[in-house]
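Here the structure comes first, spelled out in structure tokens, and everything after it is commentary.
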Amino acid sequence: MDAQTFREFGKAAVDFIADYMENIRDCDVLPSVTPGYLLELLPKELQEKPEQWQDILKDINKFIKPGITHWQSPNFHAFYPTGCSYPSIVGDMLASGFSVIGFNWLCSPACTELEVVVMDWLAKFFKLPAHFLHATKGPGGGIIQGSASEAVLVAVMAAREQAVRRVKAAQPQLSEGEIRARLIGYSSDQSNSCIEKAGVLATVPIRLLPADDTQVMGGAQLAKAVEEDLAKGLIPTVCIATMGATGTCAYDDITTLATVCARHKIWLHVDAAYAGAALALDEFAHLRQGLEHVDSLNYNLHKSLAINFDCTAMWLRDSYQVVESFNVERLYLQHKYEGQSDIPEFRHWQIPLGRRFRALKVWVTFRIFGAAGLREHIRNQIRLAARFERYVLEDTRLELIAKRAMGLVCFRVKGGDHLSTELLQRITERKKIYMVQAAFEGGKFIRFCVCGMEPKEEDIDFAWREIETQLSQLLSEKRGINGKVGGKEKSKATDSGNESLEEQQIQHKDGACAITQQLNSDLHIGICGNEKSK
């Protein structure tokens with residue numbers, strides 16, 4: 001492919017992406033394929049002769065697109081969002097065009113130095129403690145990792161090596177093997193699975209402590225666990241706190257955890273993969289409390305800040321502790337400027353040797369949005385979640401299981417877990433919107449998260465109509481099964497303390513007009529007669 005053909009193919013690909021994004025609401029959010037569909041459609045061997053790009057683009061539309069779950073659809077409400085924006089796409093394209101691998105500073109000075117710039121921009125945007133900035137004199141600073149999983153693993157392994165050195169210095173009679181066998185880490189039972197996986201990979205068992213009834217882990221739980229483990233001869237090594245738990249977006253008590261960690265020389269890492277975006281908003285300033293005491297922190301720009309995956313910001317209080325844990329020098333990586341400036345060699349701060357030019361898409365996106373635009377982007381997700389929460393609160397058949405946090409609303413159907421499960425199954429099979437379940441204290445609930453590249457109020461209204469319609473049909477069918485023909489006998493409540501299915505339907509019907517009127521007044525929408533084109 002020559003440069004001219006590349007121009008033609010590239011422009012056609014940009015048009016394809018733009019058309020896809022503009023019309024994404026017309027697609028069912030989930031694909032209608034079965035496992036193995038693509039294996040049956042594509043050739044079993046690589047063709048011998050080259051093909052034309054026009055044919056390849058047609059096949060992307062014909063074979064690949066039908067197998068895509070549309071994460072950027074505003075009808076995607078599962079998991080947490082994966083960020084996307086046109087500026088970030090362009091930045092990614094440019095980085096791919098330069099195609100550099102940032103082994104060290106000399107491999108591409110702009111790759112390293114632009115990362116220093118944007119990480120300090122972001123630290124100031126979040127109003128993080130000054131010691132996390134490269135511009136501040138000291139060993140702290142920020143790096144872009146691939147994912148939260150990588151950031152957490154780096155933190156756990158660095159904590160492990162620091163603990164081994166510390167204990168070895170205090171008890172030289174112990175071998176490294178004996179020390180490593182006694183290391184133990186801590187996190188909440190509401191934390192992400194990547195934390196347990198980091199413990200497995202780093203050979204530091206992670207003890208999952210039960211969160212309280214508000215899904216929060218604090219200093220009291222940690223102190224109790226540490227004392228128990230010290231009595232067993234174990235060595236408390238690392239604690240991973242969560243800012244925005246996977247299930248309910250709950251926030252651990254960083255301040256009290258930091259007190260316990262300082263007392264026992266435990267590395268404190270904060271996984272703020274999703275909810276870290278709230279640090280940019282003054283109305284969430286309380287979330288910054290305690291961050292001055294943590295050793296490391298990560299936030300996924302590819303969740304709430306319009307940056308395409310993969311792109312995780314990680315800050316270190318003392319980068320020297322990570323460097324001395326992982327540093328492996330080779331002659332071919334040395335250059336004459338090494339050690340002559342404060343510019344970091346990021347290969348010592350991460351797991352792989354090579355690194356992508358991720359800072360470019362961050363820089364492009366930040367400049368296009370500006371700080372005000374980024375804050376508005378975050379606040380819009382919060383407003384839309386509040387809109388959905390209002391619908392749930394006004395429906396007597398549903399209940400919230402946790403306070404709304406950021407763009408996440410967690411709810412369930414009154415009357416038993418099976419109703420929420422059946423409702424979700426119905427909705428998933430229809431493929432108009434996509435949500436997932438989670439569990440806490442043995443009970444299941446449905447997670448509704450505001451996602452998509454440009455979600456709007458009408459997207460929330462569309463999602464609610466889909467949920468409300470399927471819920472009404474489900475409860476109506478259940479009432480018909482549980483009651484006598486003609487509705488002479490009331491259906492039985494599935495759980496004590498909850499309304500019967502018939503009572504739920506009656507209460508909902510009686511309140512429907514008032515609910516609609518209230519929503520129309522407060523949210524400035526027309527709920528009825530505003531159907532989305534599908």
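Note that the coordinates shown come from a computational prediction; the quantities given were computed from them, not determined experimentally.
Listed by chain and number, the residues in a salt bridge (Lys or Arg N to Asp or Glu O under 4.0 Å) with Lys127 are Asp282 (sequence neighbours excluded). Not counting sequence neighbours, Thr203 has no partner by the side-chain hydrogen bond (donor to acceptor under 3.5 Å, both in side chains) test. A search for ring-ring contact (aromatic ring centres under 6.0 Å, His included) contacts involving His70 returns Tyr20, not counting sequence neighbours. When the salt bridge (Lys or Arg N to Asp or Glu O under 4.0 Å) test is applied to Asp213, no partner is found at least two apart in sequence or on another chain. With sequence neighbours left out, Arg358 forms a salt bridge (Lys or Arg N to Asp or Glu O under 4.0 Å) with Asp310. Taking Lys224 as the reference, Glu228 meet the salt bridge (Lys or Arg N to Asp or Glu O under 4.0 Å) condition, with sequence neighbours excluded. Not counting sequence neighbours, Tyr299 has no partner by the side-chain hydrogen bond (donor to acceptor under 3.5 Å, both in side chains) test. Residues that satisfy the side-chain hydrogen bond (donor to acceptor under 3.5 Å, both in side chains) test with Arg182, not counting sequence neighbours, are absent from this structure. Every ring-ring contact (aromatic ring centres under 6.0 Å, His included) that Tyr80 has, sequence neighbours left out, goes to Tyr274.
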Name the atoms and distances for all side-chain donor-acceptor pairs under 3.5 Å in residues 289-296, with sequence neighbours left out.
residue, atom, partner, partner atom, Å
Glu292, OE1, Gly290, N, 3.3
Asp295, OD2, Leu268, N, 2.8
Ser296, OG, Trp267, NE1, 2.9
Ser296, OG, His269, ND1, 2.6

Could you list the donor-acceptor pairs under 3.5 angstrom formed between side-chain atoms of residues 231-238 and any protein atom two or more places apart in sequence or on another chain?
residue, atom, partner, partner atom, Å
Thr237, OG1, Ile235, O, 2.8

Donor-acceptor contacts under 3.5 Å from residues 140-149 side chains, at least two apart:
residue, atom, partner, partner atom, Å
Gln145, NE2, Trp349, O, 3.1
Ser147, OG, Ser149, N, 3.4
Ser147, OG, Glu150, N, 3.4

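Remark: His77 NE2 to Glu466 CD distance equals 10.0 Å, nearest 0.5 Å.
The existence of a salt bridge linking Arg180 and Glu161 is confirmed by a sub-4.0 Å separation between a basic side-chain nitrogen and an acidic carboxylate oxygen.
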